[in-house]
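Comments concern the structure below.
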Amino acid sequence: MSDMLSRSVSMLERLVAFDTTSRLSNLELIDYARDYLEEMGIPTRTTFNEDGTKANLWATIGPEDKGGVVLSGHVDVVPVDGQDWSHDPFKMWEADGKYFGRGTADMKGFCAIALAMAPEMKKRNLKTPIHFAFSYDEEVGCIGVRGLIKDMAENLPLPTAVIVGEPTGMKIIGGNKGSRGLMTTIRGIPGHSSEPHRGVNSIMYGARIINLLETIQKELRENPYEDSPFDPPYTTIDLGIIEGGTAHNIIPEFTKFRWGMRIHPGDDGEAIEQRVRDYIENELNPEMKAFSPDAGITMELVNVVPPLIPDTDSAAEELVRYLTGLNQSGAVSFGTEAGFFQEAGVPGVIFGPGYIQQAHQPDEFIERSQVQECVDFMSKLTDWAADNG
Ligand SMILES: [Zn+2]
C-alpha cells in the first residue's frame with residue numbers, strides 16, 4: 001500500500017471514530033483537525049452555530065491573498081439508529097478491499113484524504129492556494145455551510161472553484177436540484193366522531209392539500225425538461241412525515257405534515273409553494289374559519305437549498321476535467337452545498353470517492369480503489385497548484 005494511501009486510511013479511521021451524527025456536537029473532530037493543521041503551520045478559521053456546540057473549519061494552504069480552490073465536505077453523518085450493522089459503525093473495519101463504517105463514503109473519506117495530503121501540500125509552496133471547508137449539519141439541510149460561506153464571502157479573497165467531495169464514484173457531477181421544505185400545520189375542532197358536523201376534521205383538510213400536491217406532481221411529470229441531465233427530468237414533490245389524530249372516535253384536532261420539492265433548475269419553487277398557499281387562503285381557511293375562528297391552516301418554510309445550475313464551461317469543471325481527463329459531467333437530484341457556493345460567486349462541481357448507493361446504509365463502505373483514485377487526484381491537484389499561480 002502506498003504511503004499516502006495508508007495515511008489516508010488511518011486518517012479515515014480516526015475521523016470515523018468521532019460520532020458526529022448531526023444531532024451531536026462535532027467539536028471533538030473539528031478540534032482534532034484544527035490542531036493537526038495548525039501544528040503544520042496551516043492557518044484555520046472556525047465559524048460556530050448559535051449555541052457554540054458545532055463548528056465549521058476553514059483552512060488555507062498556500063498564499064492567503066488569492067482565491068484558489070476549495071475542497072468542501074461535511075463532517076456530520078446520518079444516524080445509525082434502527083440500522084442493522086454487523087460491527088460497531090464508529091470503529092472502522094476492513095474486508096475485501098473495502099473500509100466499513102459510518103461516514104466512510106458520505107463523506108469522511110474525502111475529508112480524510114484531504115487532511116492526509118495536507119503535509120504534502122504544505123511542503124510544496126503552492127502558488128495557488130488550496131482551502132479545506134469542512135462543515136456541520138449538511139445532512140439536516142446544508143445548515144452549517146451557510147455560516148462558512150458568509151465568512152468566506154465577507155473576509156476572504158473569492159475562490160475560483162470549489163470541489164464538493166460527495167461520493168460520486170470520482171465522476172464529475174456539474175449540477176444538482178435545489179430543494180424547499182415546508183411544515184404544514186392544520187388545526188381543526190375536536191368532537192365525537194359520531195357528530196362530524198360539530199367539529200372540523202384536520203386530517204380531512206390535510207388530505208385536500210395532499211391531493212393538490214399530487215395534482216401538481218402529475219403536471220410536473222407530464223411536462224419534463226427535454227435534454228435534462230437530471231433523473232427524473234422535472235421537479236418532484238416529496239411528502240415524508242405526517243402526524244394526526246389521537247383516537248378513531250375523536251374528530252382529530254391537529255394534523256401536521258412535512259413536505260417539500262426537489263426543484264429542477266429553471267423551475268420556480270416559490271411559485272409552487274404560493275399555489276398551495278393560495279389554495280389554503282382562498283378555499284380551505286375560509287371554510288374552516290366559517291365554522292370557528294380557532295380552526296385554520298398555517299405553513300412554515302423550513303429550509304431552502306439552491307440548485308447547482310450546470311455550467312460546463314465553469315472554472316471548476318475545466319479544472320477537474322483537465323486534472324482527470326474526464327470529459328463528461330452528470331447531474332444529481334439530491335442537494336449539496338455547491339449551490340450556496342455558486343450563489344456566492346464560486347463555481348463548483350461535485351466530485352468525490354465512494355458511491356451514493358452506500359451512503360446512509362448499514363455497513364456503509366468505501367472501496368480502497370476509490371480512496372486511491374482520490375489520493376491520485378489530490379496529488380495532481382497539488383502539482384497543479386504548485387506550478388500555476
Ligand atoms: Zn453527504
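We number each residue from 1, following the sequence as shown. Keep in mind it's a predicted model, so treat the numbers as computed, not measured. Numbering of ligands and ligand atoms starts at 1, following listing order.
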key: Criterion side-chain hydrogen bond (donor to acceptor under 3.5 Å, both in side chains) against Glu364, the qualifying member of Gln357, Lys98, Arg102   = Arg102

key: Aromatic ring proximity His264/Tyr225, centre distance under 6.0 Å   = yes

inquiry  = A cation-pi test, strictly: NZ or CZ of Arg14 under 6.0 Å from the centre of the six-membered ring of Tyr32 and no more than 45 degrees from its axis. Yes or no?
reply    = yes

query = Got a salt bridge between Glu281 and Arg277, using NZ or NE/NH1/NH2 to carboxylate O under 4.0 Å?
reply = no

request  = Measuring from the Zn ion (ligand 1), name the closest N, O or S atom belonging to His74.
outcome  = NE2

ask   = With the Zn ion (ligand 1) as the point of reference, which N/O/S atom of Asp106 is the closest?
value = OD1

N, O or S atom of Glu166 closer to the Zn ion (ligand 1) than 2.8 Å = yes

